[in-house]
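To start, the structure under review is shown below, and the notes come after it.
Hydrogens, waters and symmetry mates are skipped; everything else that's a heavy atom, side chains included, is used. A note on names: the letters A, B, ... follow the listed sequences, proteins ahead of strands, and every chain is numbered from 1.
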Number of protein chains: 2
Amino acid sequence: MEDVLRSLGYLCLGSRLKRIGEQLQADAQRLLDGLDVPLQSSQYTLLAALDRLGPLAVGELAQSLGVTQPGVTRSVSLLAELGLVEAIPSNDDQRRRMVTLTEAGQRLVDVAKRDVWPRIDKAVADLCQGLSGPLLDQLAAIEDGLAAAPLDRRVKEGAAQ
Amino acid sequence: MEDVLRSLGYLCLGSRLKRIGEQLQADAQRLLDGLDVPLQSSQYTLLAALDRLGPLAVGELAQSLGVTQPGVTRSVSLLAELGLVEAIPSNDDQRRRMVTLTEAGQRLVDVAKRDVWPRIDKAVADLCQGLSGPLLDQLAAIEDGLAAAPLDRRVKEGAAQ
DNA sequence: AGCCAAACCATAACATGTTATATAACAAGG
DNA sequence: CCTTGTTATATAACATGTTATGGTTTGGCT
């Protein structure tokens with residue numbers, strides 16, 4: 001069956017990027033599921049942002065992640081319910097809610113940073129290794145590569161080396 | 001404000017591809033809004049698939065678009081309500097529902113194919129023109145390019161030439 | 001013939017993105 | 001100081017992807 005998104009080239013580049021991104025995330029999800037806290041992979045990017053940049057207001061978080069503010073508000077609420085972050089109104093400006101990693105959140109990040117993120121990073125780097133040339137060709141190579149060996153298999157093989 | 005997804009490199013490639021894809025689609029949406037039928041850009045890919053490959057069963061459509069079957073089922077229902085496609089149980093096999101462009105659907109595709117899709121294709125090609133090198137660099141260039149001039153502006157400038 | 005597994009599609013529940021809009025806190029001018 | 005505009009966040013409504021599961025229809029095997 002012809003892959004229409006590939007055939008249409010630039011016209012459907014947006015859909016195609018989204019599709020590849022979703023597959024990468026789904027693959028990464030399987031690797032993250034090993035941790036005891038069940039979180040979606042996109043939540044980890046929020047935690048990573050806090051770990052990297054320190055406490056941030058909701059809007060700043062949105063900006064640093066490149067998503068809209070309502071999306072961050074929702075994710076923060078979810079993570080706060082799980083006890084991984086805290087959102088405390090700022091003293092200077094009561095409109096702002098500063099989002100901070102809790103101790104549990106920091107522990108989770110530390111575990112992920114040590115045990116899981118390097119593997120994902122390595123597996124994706126492996127997937128993209130040796131790519132060159134036009135964007136569409138590189139994307140096709142990624143699609144083919146993922147179809148041939150999903151990320152979790154690349155991690156296992158990498159670990160065996 | 002630091003762009004965390006960029007900083008994290010391969011680790012967040014999935015999120016980043018999704019983010020770029022969403023922005024491209026949003027930009028393309030503004031160009032499509034000119035047509036009289038208000039459709040989301042992802043629905044157009046479904047119509048494009050039918051135009052390109054002819055009538056398809058729901059499952060085949062899902063496969064050719066690279067999405068899951070429930071997603072296609074929902075989109076088809078929506079497009080059927082708008083009178084752009086028809087989904088008729090096959091005679092040979094009552095399990096299959098063959099999806100076909102209606103006359104109105106074909107007209108819409110023809111208009112899009114003539115007036116809009118070439119512009120989008122051209123604008124995205126323009127955006128990606130001259131890209132080379134590692135994937136992450138090309139993605140950064142796309143992000144910067146979109147920030148500097150969204151697709152609709154590229155179309156206008158292209159048309160003026 | 002009759003039964004059982006597989007194939008195809010629909011539906012439900014959820015995740016997570018968006019836009020549009022409401023609310024509350026701040027800031028500045030009359 | 002009060003109004004008024006702006007800023008920060010929350011909420012609602014929607015779009016569209018996913019997985020899990022259920023219900024028909026087929027088709028093959030005994």
(Q) Whether the side chain of A:Asp27 engages the backbone of A:Leu151 through a donor-acceptor N/O pair (distance < 3.5 Å, no angle test) should be reported. (A) yes
**Q.** Under-4.0 Å salt bridge between B:Asp152 and B:Arg119
**A.** no
(Q) Output the rounded distance in Å from CZ (B:Arg19) to P (C:dG17). (A) 11 Å
Q) Do B:Thr102 side-chain atoms and B:Glu86 backbone N/O form a donor-acceptor pair below 3.5 Å? A) no
Q: Take atom CD of B:Gln25 and atom P of C:dT16, then tell me their distance rounded to the nearest Å.
A: 18 Å
Q | Full working for side-chain contact (heavy atoms from CB on, under 4.5 Å) between A:Leu139 and A:Leu17 | A | CA-CA 8 Å; A:Leu139 293 180; A:Leu17 289 174; 3.8 Å; yes
Q.
Please determine whether side-chain contact (heavy atoms from CB on, under 4.5 Å) holds for the pair B:Leu50 and B:Thr100, giving the CA-CA distance in whole Å, both sets of side-chain angles, and the decisive distance to 0.1 Å.
A. CA-CA 7 Å; B:Leu50 290 176; B:Thr100 319; over 6 Å; no
Q.
Donor-acceptor pair, distance only, cut-off 3.5 Å: does the side chain of A:Arg19 make one with the backbone of B:Leu65?
A. yes
**Q.** Whole-Å distance separating the CD atom of B:Gln63 from the P atom of C:dC8
**A.** 10 Å
Q | Distance in angstrom units between A:Leu5 CG and D:dT16 P, rounded | A | 14 Å
Please write out the pairs of protein N or O atoms and N or O atoms of nucleotides 19-28 of chain C separated by less than 3.5 Å, giving the distance to one decimal.
{"unit_1": "C:dC26", "atom_1": "OP1", "unit_2": "A:Gln94", "atom_2": "N", "d": "2.6"}

Q: Nearest whole angstrom, please: distance from the P of D:dG17 to the CG of B:Leu17.
A: 16 Å
**Q.** Any donor-acceptor pair under 3.5 Å from A:Gln43 side chain to A:Gln40 backbone
**A.** no
**Q.** Minimum side-chain heavy-atom gap A:Ser64-A:Leu61 below 4.5 Å
**A.** yes
Q. Quick one: does A:Ile142's side chain get under 4.5 Å of A:Cys128's, heavy atoms only?
A. yes
Q) Nearest-Å distance, CG (B:Leu24) to P (C:dG17)? A) 17 Å
Q.
Give the residues of residues 72-86 of chain B touching DNA chain D, defined as any heavy atom closer than 4.0 Å, sorted by residue number.
A. B:Arg74
Q.
Quick check on contacts: within residues 39-58 of chain A, what sits under 4.0 Å from DNA chain D by heavy-atom distance?
A. A:Ala57, A:Val58
Q: Give the rounded distance in Å between these two atoms: CG of A:Asp27 and P of D:dT19.
A: 11 Å
Q. Under 3.5 Å, side chain of A:Arg74 to main-chain N/O of A:Pro70, donor-acceptor pair present?
A. no
Q: Provide, to the nearest angstrom, the distance between the CZ atom belonging to A:Arg16 and the C1' atom belonging to D:dG17.
A: 18 Å
Q: Give a yes or no on whether B:Met1 and B:Leu5 share a hydrophobic cluster (residues Ile, Leu, Val, Met, Phe, Trp, Tyr; joining criterion: side-chain heavy atoms under 4.5 Å apart).
A: yes
